[in-house]
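Working notes, structure below.
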Amino acid sequence: MTKAVVIVNPSSGREEGKTFGPKVQMELEKLYDEVEMKWTEKEGDATRFAREATRQEVDAIYALGGDGTVNECVNGIATEEKRPPFGFIPLGTVNDLGRVLGIPMESEKAVEQLTKRRKKAIDIGKINDTFFVDIVAIGSIPEAVHSVPVEEKTNLGPFAYILEGLKALSEKEAYPFKFDIEGEITEVDSFLVIIALTNSVAGIPTVLPHASEEDGVLHLLAVRGENVAPKINLVPKVFSGKVSEDDEVFYRKFKEADISLTDEKKYKTVVTNVDGDEGDYLPIKLKVFKQYLEVFVPDIDE
Ligand SMILES: Nc1ncnc2c1ncn2[C@@H]1O[C@H](COP(=O)(O)OP(=O)(O)OP(=O)(O)O)[C@@H](O)[C@H]1O
């Protein structure tokens, strides 16, 4: 007797969960004896459902939702010793992990692919006590993202973040970061720090061309500079992946790191963005868990 649990956030993206939920159920019933649908109502539901299902030792957990829902489900699974494979249909605006794994962005196609799949073990990261699957971002650009209205996100997709970020650049200053990367201390003034697991940032697959979802390291990129305005020309370079050529960018890969500020009084003012949603304030501890989670990806050879 095999069982899968499907966690649906009906509010994600363009609210397609309601339409696609039953289609996903029908498709997965070809693979599992029982498919249980769980509909989220509020923050925390997806984590709770995923943890309950993991403890029941179900054969697979699936999510239908945006990056926030995927993050919540992974947080429910990752704390447990025996972890079922995880699949998802991206319904949000950015869907970095979905892009990296080759999951179709068109929900109809992604549903069709559900039965033509293989498993792949991917890295996940941890910031303080929370797991993440994609990215931690800190600075003026990610802070601006927190104020992007939901409608703008839904209509413009990833560009909403970039537009909002560029607006913020003219007004904001950099923060005095202190990176403790496996014992090496570096102080960098920066308005944008990205810690990524994959090569896709804000839906753009070229930002960290050498990063891969299974390389067992976190990739940190910080744009150097005290004042934001003179650095504005660096942003297109960052987003076209030409970052390593520039002395004005600090880049390291690592397994564990602490990020704080040289000025402790500013700690409570600098908040992180974790997989697209607001996360902890600085200081933070980061760690990677190599090939820790099995995910379903489309099997293109089949
Ligand atoms: N039934 C619900 N109604 C409203 N909000 C919900 C419901 N269920 C869960 N939520 C909240 O919705 C949040 C955002 O969901 P999610 O990230 O999946 O969609 P999104 O914001 O449209 O996508 P993206 O993050 O890619 O932009 C979740 O973190 C959760 O707190």
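Counting convention: from 1, in listed order, for ligands and their atoms alike.
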Verdict with reasoning, Glu108 to Lys23, per salt bridge (Lys or Arg N to Asp or Glu O under 4.0 Å): CA-CA 9 Å; Glu108 199 84 49; Lys23 291 185 185 174; 3.3 Å; yes

Report yes if [X] has an N/O atom closer than 3.5 Å to an N/O atom of ligand 1; otherwise report no.
| X | value |
| --- | --- |
| Asp277 | no |
| Gly66 | yes |
| Gly44 | no |
| Asn95 | no |

At under 4.0 Å between heavy atoms, which part of [X] makes contact with ligand 1: side chain, backbone, both or neither?
| X | value |
| --- | --- |
| Pro10 | side chain |
| Asn9 | side chain |
| Glu72 | side chain |

Arg224 to Phe250 six-membered ring, cation-pi geometry met (6.0 Å, 45°):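 Pair Arg224/Phe250 does not count as cation-pi.
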
Stacked cation flag Arg83 on Tyr292, 6.0 angstrom / 45 deg: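 Pair Arg83/Tyr292 counts as cation-pi.
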
Test log, rule salt bridge (Lys or Arg N to Asp or Glu O under 4.0 Å), inputs Lys82 and Glu80: CA-CA 6 Å; Lys82 194 160 180 244; Glu80 305 306 300; over 6 Å; no

Which of the atoms in ligand 1, numbered in the order shown and given with their element, are less than 4.0 Å from a heavy-atom of [X]?
| X | value |
| --- | --- |
| Gly13 | 20 (P), 22 (O) |
| Thr69 | 15 (O), 16 (P), 17 (O), 18 (O) |
| Ser12 | 15 (O), 16 (P), 18 (O), 19 (O), 22 (O) |

Derivation of the salt bridge (Lys or Arg N to Asp or Glu O under 4.0 Å) call for Lys285 and Asp258: CA-CA 5 Å; Lys285 277 187 179 300; Asp258 289 357; 3.1 Å; yes

Residue pair Asn9 / Thr69, side-chain donor-acceptor N/O under 3.5 Å: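 Present: a donor and an acceptor within the cut-off.
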
Phe177 and Tyr175 aromatic ring geometry - parallel, tilted or perpendicular at 30°/60° bounds: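 Plane angle over 60°, so perpendicular.
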
